[in-house]
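Single-structure report; data block below.
Residue numbers count from 1 along this sequence. Note that this is a predicted model, so its numbers are computed, not measured.
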Amino acid sequence: MSTNESTGSKLRERYQKKMLEIRGAFDSGASGAATIAARSKAIDELASGLWAEEVQRDRRLATGIALVAIGGYGRGQLFPYSDVDLLFLLDGRLAEKDVKDAIRRVNQDMWDSGIRISPATRKLAECERFDEENAEFAVSLMDHRQLTGDALLYRKLATVTIPRLLQREQKGLMARLTELTRARHAKYGDTLFHLEPNIKDCPGGLRDIHVCSWMTLLRGTGSDTASRVVGNGNVEEDSEFSKAVEFLWLVRCFLHYRHQRDDNSLDWQAQDAAAAAGVGMDGAVPPNADAAYWMRFYFRHARRIERRVSQMMGETPLDKPRLKLLGLRRERRTEPLQQGFRVERGRIVLDALVDDGSGAPAHDPAQDPDVVLDVFESMARTGCTLGEEAEQRLLLALPILSAHLEEGPALWQHLQRILTGRYAGDALRTMHVLGVLELLIPEFHGIDALVIRDAYHRYTVDEHTFVLIDTLHGLESAQEGPMAEWAAQFGRLLRELPHPGLLYLAALMHDTGKGRSTDDHAKESMTMARGVLERLELDSYESDLVSSLIENHLEMSLAMRRDIFDRQTVRAFAGKVQTPEALRMLALFTYADINAVHPDALTPWKAENLWRLYIATSNYLDRNVDEDRVGAQEESELVHRVSALLPGQKAAVAEYLDGFPERYVLTRTPEQIRANFQRFQRFSEDAVQLDFRYAPGVSELTLVTPDRALLFANMTGALAAWGMNIVTADAFSNRHGVVVDSFRFTDSFRTLEMNASEHETFVKSVHEVMTGALSVEKLLSGRRRGRRKVPKVVVESRIEFDDAASSHSTLLEVVAQDTTGLLHALSLTLARQNCNIEVALVDTEGETAIDVFYLTRKGAKLNQDEERALREALLRAIEENARS
């Protein structure tokens, strides 16, 4: 054995001994920072010692070459099994062949020591070159320090070559870093909330910390590694960011030692072990803390890091080609000026503090709840992001916002606009990170970063919720791939919803119950949602719709595990949803819920089954509503619930309900039925009782009146004369000739939206038509019809009769092009054919009108001759209406 071999062996033995000491110190409680610094120092000693042997062997190596630590090693942050980036820097006077053997021996000795070394040999001039397609080397040079060798040569690298490179290529490097980071995030679905994350490469991982450091250096605001890792100037946030960095350092050391290799996967077994050991929790582990509890610490730290890197990337100036390449939205839309803030290059910038000169503290828009909610509405609508300075001010303003936040309808209007914005998911994530979402809905806090272990679930509960909302909004635009056809199909369903905001609200709240220990999270979520709905002051119809959707949000998935072609399956499922609107919402919700479980969970086959179940249930709801009716003598729970609201009037209530289809009772709340009953009691004052509820999207008009000829036709005619487009309607009558008709319609010409004073005129004219004081024909003739739009899809008229659907009525189903006045034309024809409408269910799907009527003629079903005559008359009416 030569002297050099003996020295090298001793160096390796010393290194191995040092590694054991570092491991022992870690097991005894050393920090991650101390551990990675200690390994870096141990490698320094080994590499320097090995190189000293080579210099001793060949004195020509004493000058003209320097050993430089770069990358993670250059930062002095070597994790237990990380590889080592080592640069052999040449000044050009030494030829590579003169140093090749020495470099090979050093590398081999390090490999023999169990070190995965990534060596590079470059001349000084080569270090100044920048290849955008291979930016990794230039990036690795940003973290550098000399190990040994020619100090003058290293000084040239550190003080001339690298600064010149970074100054000249600053924009290119910033852009490339942004591209690489976005691509890496996309690989992980652009979310950090994976149930088994990779703590180095996932969003919010260690690589993002490095990106923050590099960008800080490129901006010229942090020259040394330590200052680059931390600072953005906010002391509190910088402190939290430092804690997050320390936490991830510690966890990665833990994983390396546990896996005994450079494996950064935080799998379930590792989570169990980390939770049991209380890794990174500073002894704050509560008794019986499980992995889910520990993972919340991980996610909250990772979220802080992801937030910082997103902010820094957002501030990176990019040229238009790169913006297009990255698919960024921030230059696509220009926003009008808003009170308290503006949008600059896709970033929200809050106005400066306003000083009115009175000596009072200056007003900060960040402390104004309306401005703050407008900010998030803008983000949800356009996809713009929050500027760093704005984010800091919002964080500081949270206590004041909490004290001044109003609830009720005003808050619901803000929240509804956020939820229905195309980029609602991103806006909600930002609100969640800043704590604003929990200010509005404290119930959401329970599922913050909550892990529910399931072999098929990919995300935490809160992220699953946001992905679900993303999926629903994704249906609004064309998609590619195997799901494109079904996305388009369900997208049409989404556009037909009269109250999409209610669907999104239900989506936001549907899993909040998972934050509590309960066997039935759907029921618990519904209970928690009730409190939110009360605070938002939604009316009973809307509240019941949201509550029902949350409570039944698993029912469609469960039904799909049965034979969906079995009528009993459909009947049972229909009993759960009860109404077409609830069915549509649940179908859309289930589609998005499955997709938000796992990227591969929703397949075309599953989407097709979902659609088939939706169609079968929709048909069932339309064709069986007339069969079951309320009896006067029945002691049903529904009758009791209504009677309980009207003390002492149980018999009168029972008589009122006698003969109504059960659907009428099932689809209305006891409060609504009480209101209708009270309108019925006012017949002596006015036999035409109208209840009008205006809403910007879909308004509703309910009529309670004694049955008579042309009732339905006159009502539809009055609405058509005002240009209202009826989207849904139903009509019921009891055994004593009391009719309850409800029409939900959109305001085609925005007459009611633009002129609040017209509301009263509208209701008055409808009332006059219904009392006979005003001819519906006169009203119709007084309104000029606008030019009809050319339909995108031509719907062929179809008329079907079903004599078996009801024991006492004939079912008529009309499918036709949805045109203004169609329902009036149909109902007028029915009246002229002496048909009595027992029940009417009016619906539209895109440009298709699907109207179902249960008819009698002189109290009996229609015979075949009557059906034949009615079919011809209806077809003529549809054609004439289309031409008019």
### Query
In terms of ring plane angle, is the pair F853 and F712 parallel, tilted or perpendicular, where the classes change at 30° and 60°?
perpendicular
Mind checking whether [X] and [Y] have side chains closer than 4.5 Å, heavy atoms only?
X    : Y    : value
Y664 : V839 : no
Y620 : R571 : yes
L428 : L419 : yes
V467 : R458 : no
Y614 : V577 : no
D511 : L450 : no
Q271 : P197 : yes
Y504 : Q416 : no

Between [X] and [Y], what is the shortest heavy-atom contact and its length?
X    : Y    : value
W486 : P604 : NE1-O, 3.5 Å
D539 : E542 : OD1-N, 2.8 Å
A186 : D190 : N-OD1, 3.4 Å
D272 : A291 : OD1-CB, 3.4 Å
H445 : R296 : O-NH2, 4.3 Å
I418 : A424 : O-CB, 3.2 Å

### Residue pair T512, V532: steps toward the side chain to side chain contact (heavy atoms under 4.5 Å, CB included) verdict
CA-CA 11 Å; T512 50; V532 177; over 6 Å; no
Mind checking what makes salt bridge (Lys or Arg N to Asp or Glu O under 4.0 Å) contact with [X], not counting sequence neighbours?
X    : value
R871 : none
E377 : R417
E608 : R612

How far does [atom1] of [X] sit from [atom2] of [Y], to the nearest 0.5 angstrom?
X    : Y    : atom1 : atom2 : value
L538 : H499 : CG    : NE2   : 9.5 Å
L472 : M585 : CG    : CE    : 10.5 Å
K606 : M483 : NZ    : CE    : 10.0 Å
R381 : T420 : CZ    : OG1   : 10.0 Å
I447 : S525 : CD1   : OG    : 8.0 Å
I726 : F743 : CD1   : CZ    : 6.0 Å

### Task
Tell me yes or no: between the side chains of T460 and D462, is some donor less than 3.5 Å from an acceptor?
yes
### Task
Ignoring hydrogens and angles, state whether a donor on the side chain of S699 or D747 is under 3.5 Å from an acceptor on the partner side chain.
no
Strictly distance-based, threshold 3.5 Å: is any side-chain N or O of [X] a donor or acceptor partner for the main-chain N or O of [Y]?
X    : Y    : answer
T191 : F193 : yes
E700 : R744 : no
H473 : Y423 : no

### Task
Name all pairs fulfilling the salt bridge (Lys or Arg N to Asp or Glu O under 4.0 Å) condition that reach into residues 463-479, sequence neighbours left out, sorted by first residue then second.
R429-E463, R429-D470
Which residues pass the ring pair (Phe, Tyr, Trp, His ring centres under 6.0 Å) test with [X], not counting sequence neighbours?
X    : result
H194 : Y459
F444 : H432, F466
H414 : none

### Task
Report the C-alpha distance between I550 and R530 in whole Å, list the side-chain angles of each, state the deciding distance to 0.1 Å, and finish with yes or no for side chain to side chain contact (heavy atoms under 4.5 Å, CB included).
CA-CA 10 Å; I550 293 172; R530 280 286 185 190; over 6 Å; no
Could you tell me which residues satisfy side chain to side chain contact (heavy atoms under 4.5 Å, CB included) with [X], sequence neighbours excluded, listed by chain and number?
X    : result
T856 : S809, N836, E838
K861 : T810
A292 : D290, V451
D201 : R184, Y188, N198, R207

### Residues R798 and E800 bridged, charged N to O under 4.0 Å
yes
### Test side-chain hydrogen bond (donor to acceptor under 3.5 Å, both in side chains) applied to E306 and H185, step by step
CA-CA 10 Å; E306 191 271 342; H185 285 191; 4.9 Å; no
### Task
Check the pair W268 / E196 against side chain to side chain contact (heavy atoms under 4.5 Å, CB included), numbers first and verdict last.
CA-CA 7 Å; W268 287 354; E196 293 185 304; 3.3 Å; yes
#### Entry: side chain to side chain contact (heavy atoms under 4.5 Å, CB included) between L475 and L588, worked out
CA-CA 10 Å; L475 297 175; L588 286 162; 3.9 Å; yes
### Query
Got a sec: does the CZ of R495 have more than 12 other heavy atoms crowding it under 6.0 Å?
yes
What pairs of donor and acceptor atoms, side-chain ones from residues 589-596 against any protein atom, are under 3.5 angstrom apart with sequence neighbours left out?
{"unit_1": "T590", "atom_1": "OG1", "unit_2": "L586", "atom_2": "O", "d": "2.7"}
{"unit_1": "D593", "atom_1": "OD1", "unit_2": "H464", "atom_2": "NE2", "d": "2.9"}
{"unit_1": "N595", "atom_1": "ND2", "unit_2": "T471", "atom_2": "OG1", "d": "3.0"}

